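Everything quoted here is computed from the prediction, not taken from an experiment. Order of listing sets the numbers, starting from 1, for every ligand and every atom in it.
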Amino acid sequence: MKTSVCIIGGGPSGLMLSQLLHLKGIDTVVLERQSREYVLRRIRAGVLEHGFAALMREAQCGERMDREGEIHDGFIIAHNGKQRRVDLHKYSHGSSVVVYGQTELTRDLYEARDRMNGIIIHNVEDVQLHDLLSANPHVTYRTGDEVARIDCDYIIGADGFHGVSRKSIPKTVLKEYEKVYPFGWLGVLSRTRPVSPELVYARHDRGFALCSLRSQVLSRYYIQVPLTDNIEDWPDDKFWDELKRRLPEEIAARLVTGPSIEKSIAPLRSYVAEPMRYGSLFLAGDAAHIVPPTGARGLNSAASDIYYLYHALLAHYQNNDNTGLDTYSEKALARVWKAQRFSWWMTTMLHTFPESNFYDQKLQQTDLEYLFSSEMAQGALAENYVGLPF
Ligand code: APR
Ligand code: PHB
């Protein structure tokens with residue numbers, strides 16, 4: 001098979017790029033290791049920067065997001081029993097975020113690909129990338145006993161952190177940066193009315209907590225837990241009790257509890273791989289960078305990669321202009337590192353670090369007090385949260 005752009009990975013990054021390019025007459029093939037049902041079973045975050053929401057509309061799959069997603073103009077930070085609101089609208093010149101689950105967003109992208117008869121091959125195994133330093137790379141993969149080959153101009157590695165693409169870049173070329181946090185997030189999804197119309201990020205001596213939502217009848221809650229904890233250690237009742245203890249009394253009193261329909265523990269890590277290009281291979285999303293979820297930047301960082309790649313490939317195919325491709329890695333990384341910094345800062349300000357000494361704790365407290373005593377500081381938080389310009 002021959003195509004222009006072969007995309008490894010059928011997650012939000014790969015699907016979004018495939019859809020945007022198809023709308024401009026550039027053909028793609030998406031190879032996905034799992035089934036569609038498996039990909040759509042993943043529960044992930046759901047706060048979209050305004051730039052990402054605009055990209056969904058440009059990709060002609062923003063209709064359900066605009067109908068069912070919620071526009072949020074602010075969120076709450078709670079600490080030491082106090083609640084303070086971050087007014088995103090006021091401090092980002094009228095901007096906001098869209099709260100809309102990544103699972104729903106990925107479903108919309110798949111349906112948009114179906115409407116355009118996009119080529120997505122699921123359940124592929126043993127994907128291998130070849131001749132990356134040539135102008136005619138190709139990809140091989142297996143479905144059952146059959147080995148297939150795709151010839152293309154470019155390969156996009158949108159196959160997440162555990163994918164094959166990044167591993168295809170020689171260790172002598174790839175530079176990796178990593179920070180692992182000494183705790184994880186225990187997340188619960190429940191068919192209950194959200195405790196707050198806006199997200200609540202809570203700093204507490206017992207650990208961080210987050211109250212989020214998917215809709216007015218579907219809530220998502222997280223608490224910080226030691227990395228050694230397992231799901232079995234956290235029956236629903238214990239989870240709800242601990243969550244209440246970490247929230248201001250007034251919020252805890254309003255909390256509607258119920259059976260968890262999904263419960264999982266995710267470790268917190270910051271990771272960046274450089275460069276994000278190796279010959280005809282371009283990395284995007286989790287394949288190149290991971291952030292702790294505290295700043296809700298994971299999906300949004302992936303979207304900015306896709307924004308730069310989309311415009312770079314468009315310039316190549318429409319005007320034979322390779323400037324965008326040649327500057328992709330540098331441009332994408334510049335914005336990725338800002339999302340890394342913001343996610344690290346939010347994580348450091350709002351979590352309880354087992355090894356922290358009194359000096360660290362005083363600094364953390366001062367960081368929060370400075371935040372709420374300075375309009376400039378709230379402005380910096382707001383502009384990062386709604387999304388820095390592409
Ligand atoms: N061959 C084909 N597909 C693969 C391979 C492979 N060797 N390895 C992984 N994949 C698929 C995975 O099954 C997954 O569906 O690539 C896809 C990568 O999707 P994501 O991990 O969702 O990554 P991305 O599309 O970049 O989305 C980033 O996901 O994890 C969240 O916080 C993150 O929100 C961010 C978003
Ligand atoms: C979520 O809704 O899952 C969510 C929201 C905000 C975050 C992280 C996760 O910062």
Side-chain angles (χ1 to χ4, degrees), residues 6-18 29-48 52 69-70 72 75 77 97-106 109-110 120-129 139-143 155-168 185 187-189 194 198-201 208-215 218-222 262 264 266 268-269 271 283-306 309 339 342-343 346-347 350 385:
C6 181
I7 300 173
I8 320 290
S13 299
L15 295 170
M16 171 71 87
L17 182 63
S18 175
V29 170
V30 174
L31 298 178
E32 168 54 51
R33 174 162 60 185
Q34 307 290 355
S35 67
R36 181 184 293 202
E37 297 63 43
Y38 181 97
V39 172
L40 291 175
R41 269 203 305 275
R42 290 186 187 123
I43 303 290
R44 297 224 176 114
V47 174
L48 313 182
F52 188 4
E70 293 189 3
H72 283 206
F75 63 87
I77 291 188
V97 293
V98 179
V99 174
Y100 185 63
Q102 179 173 323
T103 313
E104 301 318 312
L105 178 143
T106 308
L109 286 164
Y110 269 115
I120 305 172
I121 306 171
H122 280 279
N123 305 310
V124 298
E125 295 162 79
D126 196 17
V127 168
Q128 293 184 27
L129 289 58
V139 176
T140 55
Y141 65 93
R142 204 164 35 76
T143 43
I155 301 172
I156 309 302
D159 46 356
F161 187 76
H162 303 287
V164 63
S165 300
R166 186 182 68 254
K167 297 179 185 123
S168 307
W185 275 16
V188 158
L189 192 66
E198 294 184 326
L199 273 54
V200 179
Y201 291 83
F208 169 80
L210 169 62
C211 306
S212 183
L213 56 96
R214 293 289 175 272
S215 72
L218 196 56
S219 298
R220 181 71 167 158
Y221 298 104
Y222 301 94
E262 191 274 350
S264 53
L268 268 64
R269 161 184 34 201
Y271 172 89
L283 300 181
D286 279 18
H289 45 81
I290 302 275
V291 283
T294 326
R297 286 315 95 180
L299 185 58
N300 294 299
S301 277
S304 64
D305 295 345
I306 296 308
L309 260 183
F342 178 64
S343 304
M346 285 278 279
T347 303
L350 297 171
Y385 199 88

Using every non-hydrogen atom in the two residues, find where [X] and [Y] come nearest and quote the distance to one decimal.
X	Y	value
N300	V47	ND2-O, 2.9 Å
A339	S301	CB-OG, 3.3 Å
G10	L15	O-CD1, 3.5 Å
R269	I290	O-CG2, 3.6 Å
E32	Q34	OE2-N, 2.7 Å
T103	R44	OG1-N, 4.2 Å

How far is [atom] from the closest protein heavy atom, and which atom is that?
atom	value
atom 3 (N) of ligand 1	R33 N, 3.0 Å
atom 13 (O) of ligand 1	E32 OE2, 2.6 Å
atom 1 (N) of ligand 1	V127 CG2, 3.6 Å
atom 24 (P) of ligand 1	S13 OG, 3.3 Å
atom 19 (O) of ligand 1	G11 CA, 3.6 Å
atom 30 (O) of ligand 1	D286 OD2, 2.8 Å
atom 32 (O) of ligand 1	G298 CA, 3.9 Å
atom 36 (C) of ligand 1	Q102 NE2, 3.6 Å

Distance from [X] atom [atom1] to [Y] atom [atom2], nearest 0.5 Å?
X	Y	atom1	atom2	value
I7	I155	CD1	CD1	11.5 Å
S13	I8	OG	CD1	13.5 Å
T294	L350	OG1	CG	7.0 Å

Just jot down the ligand 1 atoms closer than 4.0 angstrom to any heavy atom of [X], in number order.
X	value
V164	7 (N)
L31	2 (C), 3 (N)
I8	1 (N), 2 (C)
G285	26 (O)
Q34	13 (O)

Practice prompt. Please step through side chain to side chain contact (heavy atoms under 4.5 Å, CB included) for the pair F52 and M16, ending with a clear verdict.
Written response: CA-CA 10 Å; F52 188 4; M16 171 71 87; 3.2 Å; yes
Please confirm whether [X] comes within less than 3.5 Å of ligand 1 when only nitrogen or oxygen atoms on both sides are compared.
X	value
L299	yes
H162	no
R44	yes

Practice prompt. Any chance you could lay out the side chain to side chain contact (heavy atoms under 4.5 Å, CB included) test for L31 and D159, step after step, and finish with the verdict?
Written response: CA-CA 9 Å; L31 298 178; D159 46 356; over 6 Å; no
Worksheet item: Hey, does the Lys NZ or Arg CZ of R166 hover above the aromatic six-ring of F161, less than 6.0 Å from the centre and inside 45° of the axis?
Response: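 Yes, a cation-pi geometry.
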Practice prompt. Under the ring pair (Phe, Tyr, Trp, His ring centres under 6.0 Å) rule, collect the residues that match up with Y385, sequence neighbours excluded.
Written response: F75
Practice prompt. Decide yes or no on side chain to side chain contact (heavy atoms under 4.5 Å, CB included) for V29 and V139, but give the supporting numbers first.
Written response: CA-CA 11 Å; V29 170; V139 176; over 6 Å; no
Worksheet, complete the sentence: Check: of G10, G14, P12, G163, min heavy-atom distance to atom 27 (O) of ligand 1 comes from P12
Worksheet item: For atom 18 (C) of ligand 1, which candidate among G9, A158, A288 provides the closest heavy atom?
Response: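 Among G9, A158, A288, the closest heavy atom to atom 18 (C) of ligand 1 comes from A158.
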Item to complete: Could you tell me if any non-hydrogen atom of R42 lies under 4.0 Å from any atom of ligand 1?
Response: yes
Fill in: Within the protein, residues bringing a heavy atom under 4.0 Å of ligand 2, chain by chain
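Around ligand 2, where the cutoff is 4.0 Å for heavy atoms, the contacting residues are A45, G46, V47, W185, L199, Y201, L210, S212, R214, R220, Y222, P293, T294, A296.
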Worksheet item: Which of these, L299, I306, V39, D286, sits in a side-chain contact (heavy atoms from CB on, under 4.5 Å) with P12?
Response: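 Among L299, I306, V39, D286, the one meeting side-chain contact (heavy atoms from CB on, under 4.5 Å) with P12 is L299.
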